[in-house]
Amino acid sequence: MLGGSLAKRPPCALPRLVPVIELPQQAVPDKPTLDGLEQRWDAVWQAEGIYRFDRTAERAQVFSVDTPPPTVSGSLHMGSVFGYVQTDTLARYQRMRGKAVFYPMGWDDNGLPTERRVENHYGVRCDPSLVHDPDFVPPAKPDPKKRVSCSRPNFVELCLERTEQDEKVFEDLWRQVGLSVDWSLTYVTIGERARRTSQRAFLRNLARGEAYATEAPTLWDVTFQTAVAQAELEDREQPGAYHRYAFRSTAAGGLPVSIETTRPELLPACVALVAHPDDERYQSHFGSTVVSPLFDVEVPVLAHELAQPDKGSGIAMVCTFGDTTDVTWWRALDLPVRNVLERNGRLRAEPPPAIVSEGGRAAYAELAGKTVKQAQARIVELLREAGELDGEPRPITHAVKFFEKGDRPLEVVTSRQWYIRNGGRDRDLREVLLHRGKDLDWHPGWMQSRYDSWVEGLNGDWLISRQRFFGVPLPLWYPISADGSIDHESPIVPAESSLPIDPSSDVPPGFTAEQRGAPGGFVGDPDVMDTWATSSLTPQIACGWEDDPDLFSRTFPMDVRPQGPEIIRTWLFSTLLRSHFEHDRLPWSDTSINGWILDPDRKKMSKSKGNVVTPADVLQRHGSDAVRYWAACARPGTDTALDEGQMKVGRRLAVKLLNASKFALTFPAAAPGPVTEPVDRALLARLAAVVEEASSAFDGYDYARALERTEAFFWLFCDDYIELVKTRAYAEGADDSAGADSARRALRLALSVLLRLFAPVLPFTTEEVWSWWQRGSVHAQSWPEAASLRESGGATGDPALLTVAGEVLGQIRKAKSNAKVSMRAPVARLEVRAERDRAAYVRQVDADLRGAGVVTDLVVLEVEGNEGVDVTLA
RNA sequence: GGACCCAUGGCUCAGUUGGUAGAGCAGCGCCCUUACAAGGCGAAGGUCGGCAGUUCGAGUCUGUCUGGGUCCACCA
């Protein structure tokens, strides 16, 4: 079995050597600015390869990210930026922890969205019956009403051309946002490697019996004319109506049976009536037959516990096929097939053979060729004219299944399709997959319930074949018998070494091209695979499964799958399934699920409302770090409002970081030595605690908490600490150079730590400041350690000292504010009253407080029962 | 029908083993202070959706109800 690297992981991993990279160093600017940082530092990072994956790192030293490949159709939206930034903060943290971060980007350019986009953009339509035209050029002016037909190879060429342009735009945006992706690892889901991986995995599924083909009723989109999978469904509330009419009993003296249906047009496809076995109203009918109105077809009345007595008249008309319940009954009760629907959504020309009466055939002729909607209108008229309609149709609203990308209700048609087993028909497999889900570490944990309910609700295997053009072809051919019939039971498979193949142009081993379509020859499978059949293999594609065993052993199974909650049922589940089959293990140890972006009025963002804010606009207005700040403030998995106010806060933070850093660096660096002043040591002690909190938050994938703690400390650092020590740090009085040195050492040490703590969220600002006074990239530095910080601080300070000093400072400000004087207004005498412990603290900070408050004399009075500090200015 | 998340000052949100609520934004007042005026400082503002429990004590645990959001199932 492949991928045993984790089990063989050495018990104690050696620290990874991080190369020292020289970056351009610059002086502290007079007027620091955020403008232009994105372009400047992105260029440097790319040139220096700051985020390049170290291929020599052992698995234990690697942190590998199964980045979601964004669908390359149109533009990225704020929701993408939101989730990707959150993941990037985690990647940056791990990199600073010394991990070799494997962080590729993929583009999902495979599938329907691209097809649709290309059709619209170029004004073309794919016609698979055409041969490749090497000179084909799309119309200069696309006409949406008159699309030009082109061959499948030509169409695919256009798809590739279009997506290449889109991918460039996407990469530029991601780089502007500062994703620390290794762009040399980029893959595309329609690329050769992805197709090879996808086809190889499918062939192995086939060989092991995990993939199979069968002719069965499937959900069918009549617009796209393709089968769709359970995972691609969504319910939509639609207006409908109950139509009531009766079937005549064939028993002597038997009573008619009234049914109510929303699909009267399927009456000619009726194969049975079904009621609940306990329903007393129909006891006498069970086992008997009835005859349909208009069509005179005799159908049985049967019992099944799925029938609901309280719905309609309590007895259902089973047709082939009105919905998935019909399919269930049809299977369970072994009913015949009477198809009336074509794949294009119209009723077929010929009536089902069961309709034999002259009247029945005449009635059907009225419906033939009509769309479902037209047929329904006509049959209601026919029923009414025949006096069969019992009352008028009763309007209702009910949920109807749609393909999530479609705009007409799904129909059920019988067709031959490929499936991959997923536990939908196999209780044991389902249990195994549920256990796999439990072994995965979910962030946040409650997201696992979505996975569980999906797996528990599976009602069929995974339908992977699609009757489309732009996708990974099923790598199969079928033999053609001497009589010209296709033998679907004995597919011809290619050798793995020949992958990827396109069966519509490649020839199977042992055949010649001339034999295509001929008796005794072969025919290629015309279908492509569902886009998820390829996307479910992103770990294998990105990590180089079979193609690059060395890389694979260093990166797989991956560490984390970040993704949105809406694709747990598709992407997460199917990836887990494929890995289970192929590697008998989880594809990653952890998954982090991000939340939704909501409008300011708390509705999910949607394009149709016209309130979409584009990432480019927002980044332009606020700057990348500000937008990242907004994304990183949102708790993992929590839905968040799109709040530009929060971005302004982020921008203010970044500007403050520039200014505070600039100020701290105006003091010359002191010679190496201890931090001696109590308030300086108190600051470092506090900072050490912040480092511990931020580290454990990041370890638990909680970037938001790490940021919150760091930010809170930073404002205290600016508002209280810097204010307190700046007078001393200036060292205007030469008599206290030791105090100045202590402050200068603490300032630089704290700044160094703060920049590293902020680096995952504010990569541009921190890099800018780092370049003013340090060598290399801040993003290649090691994450701060609380222990070494405490050692550097010379001793463990007392954090309470800083709290008390801050309180006094606050009281001084309050008094000055109340007196409506400037904060720089001099104070001749300051009286501080506090109980003994606090008074002792105040005395230790006496000089700093006088400096910060511009106070000449500070008098400390010990008083009893004072919970805080009181000050009086004179 | 089953499940999950959310409900804290006007707005956006913190509140990690239960001990009588915090921040930012907006509004208000002050300060053009030698890091920062697209800034700084300060004051004010909520009893934590309702009800009932557990507890000496609950925003923080239990039950229930209400109102949002979401997932799954059903959909004759």
Side-chain angles (χ1 to χ4, degrees), chain A residues 28 30-32 235 237-238 240 242-244 259-264 266 273-275 306-308 311-319 322-326 329 396-401 444 446-459 565-566 568-569 595-596 598 600 602-604 630 633-635 637-646 648-653 655-667 693 696-697 700 702 704-705 708-709 711-712 715 718-719 722-723 726 730 809-825 854:
Chain A
V28 181
D30 288 335
K31 281 276 174 192
D235 288 349
E237 286 293 325
Q238 295 286 306
Y242 274 128
H243 302 77
R244 186 179 177 93
I259 61 100
E260 289 196 69
T261 180
T262 56
R263 304 288 308 265
L266 293 179
L273 302 187
V274 172
L306 219 58
Q308 295 178 27
K311 202 163 254 183
S313 60
I315 187 161
M317 176 177 84
V318 182
C319 309
D323 58 32
T324 51
T325 315
D326 281 348
W329 281 324
I396 57 159
T397 303
H398 62 155
V400 178
K401 282 192 197 313
W446 47 262
M447 282 290 183
Q448 195 200 324
S449 65
R450 302 207 181 191
Y451 173 88
D452 290 346
S453 68
W454 173 250
V455 175
E456 282 158 4
L458 285 168
N459 56 29
E566 79 282 12
I568 289 174
R569 66 175 184 170
W596 285 111
L598 307 170
R602 298 212 63 77
K603 295 279 162 40
K604 201 172 121 186
W630 157 74
C633 280
R635 255 59 205 175
T638 301
D639 295 347
T640 305
L642 177 63
D643 185 0
E644 295 203 41
Q646 195 71 355
K648 288 179 182 161
V649 174
R651 188 176 179 88
R652 197 180 62 134
L653 171 67
V655 169
K656 188 80 173 178
L657 190 53
L658 291 178
N659 284 320
S661 301
K662 174 194 152 194
F663 183 59
L665 294 172
T666 56
F667 305 111
E693 284 187 285
S696 65
D702 194 346
R705 178 176 300 279
E708 181 195 67
R709 295 305 149 95
E711 189 186 3
W715 286 107
C718 292
D719 295 345
I722 289 183
E723 290 300 323
K726 64 186 185 185
Y730 275 123
L809 197 54
Q811 293 289 327
I812 295 171
R813 286 180 185 137
K814 189 171 169 180
K816 288 186 177 180
S817 185
N818 288 341
K820 298 184 193 291
V821 298
S822 159
M823 292 297 145
R824 294 295 298 167
V854 201

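Quick note on labels: first sequence line is chain A, next is B, and so on, each numbered from 1.
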Please determine whether any donor N or O and acceptor N or O are separated by less than 3.5 Å between the side chain of [X] and the base of [N].
X	N	answer
Glu711(A)	A23(B)	no
Asp639(A)	C6(B)	no
Arg635(A)	U16(B)	no

Stepwise, does the salt bridge (charged side-chain N to carboxylate O under 4.0 Å, His left out) test hold for Glu711(A) with Lys656(A)? CA-CA 11 Å; Glu711(A) 189 186 3; Lys656(A) 188 80 173 178; over 6 Å; no

Using a 4.0 Å heavy-atom cut-off across all strands, classify [X] as base, sugar-phosphate, or nothing.
X	result
Lys820(A)	sugar-phosphate
Gln308(A)	base
Ser817(A)	base
Arg263(A)	nothing
Gly312(A)	nothing
Glu723(A)	base
Lys311(A)	base

Atom [atom1], compared across [N] and [M]: separation rounded to whole Å:
N	M	atom1	answer
A21(B)	G45(B)	P	14 Å
C31(B)	G68(B)	C1'	44 Å
G22(B)	A26(B)	P	22 Å
U60(B)	G53(B)	C1'	16 Å

Please determine whether a side-chain nitrogen or oxygen atom of [X] lies at a distance below 4.0 Å from atom OP1 or OP2 of [N].
X	N	value
Tyr451(A)	A3(B)	no
Arg569(A)	C72(B)	yes
Lys648(A)	A38(B)	no
Thr325(A)	C75(B)	yes
Arg705(A)	G15(B)	yes
Arg652(A)	G24(B)	no

Whole-Å distance separating the [atom1] atom of [X] from the [atom2] atom of [N]:
X	N	atom1	atom2	answer
Trp446(A)	G69(B)	CH2	C1'	11 Å
Lys816(A)	U33(B)	NZ	P	13 Å
Ile568(A)	C4(B)	CD1	P	15 Å

Which listed nucleotide (A35(B), C75(B), G29(B)) is nearest to the side chain of Cys718(A)?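 Looking only at side-chain atoms, Cys718(A) lies closest to A35(B).
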
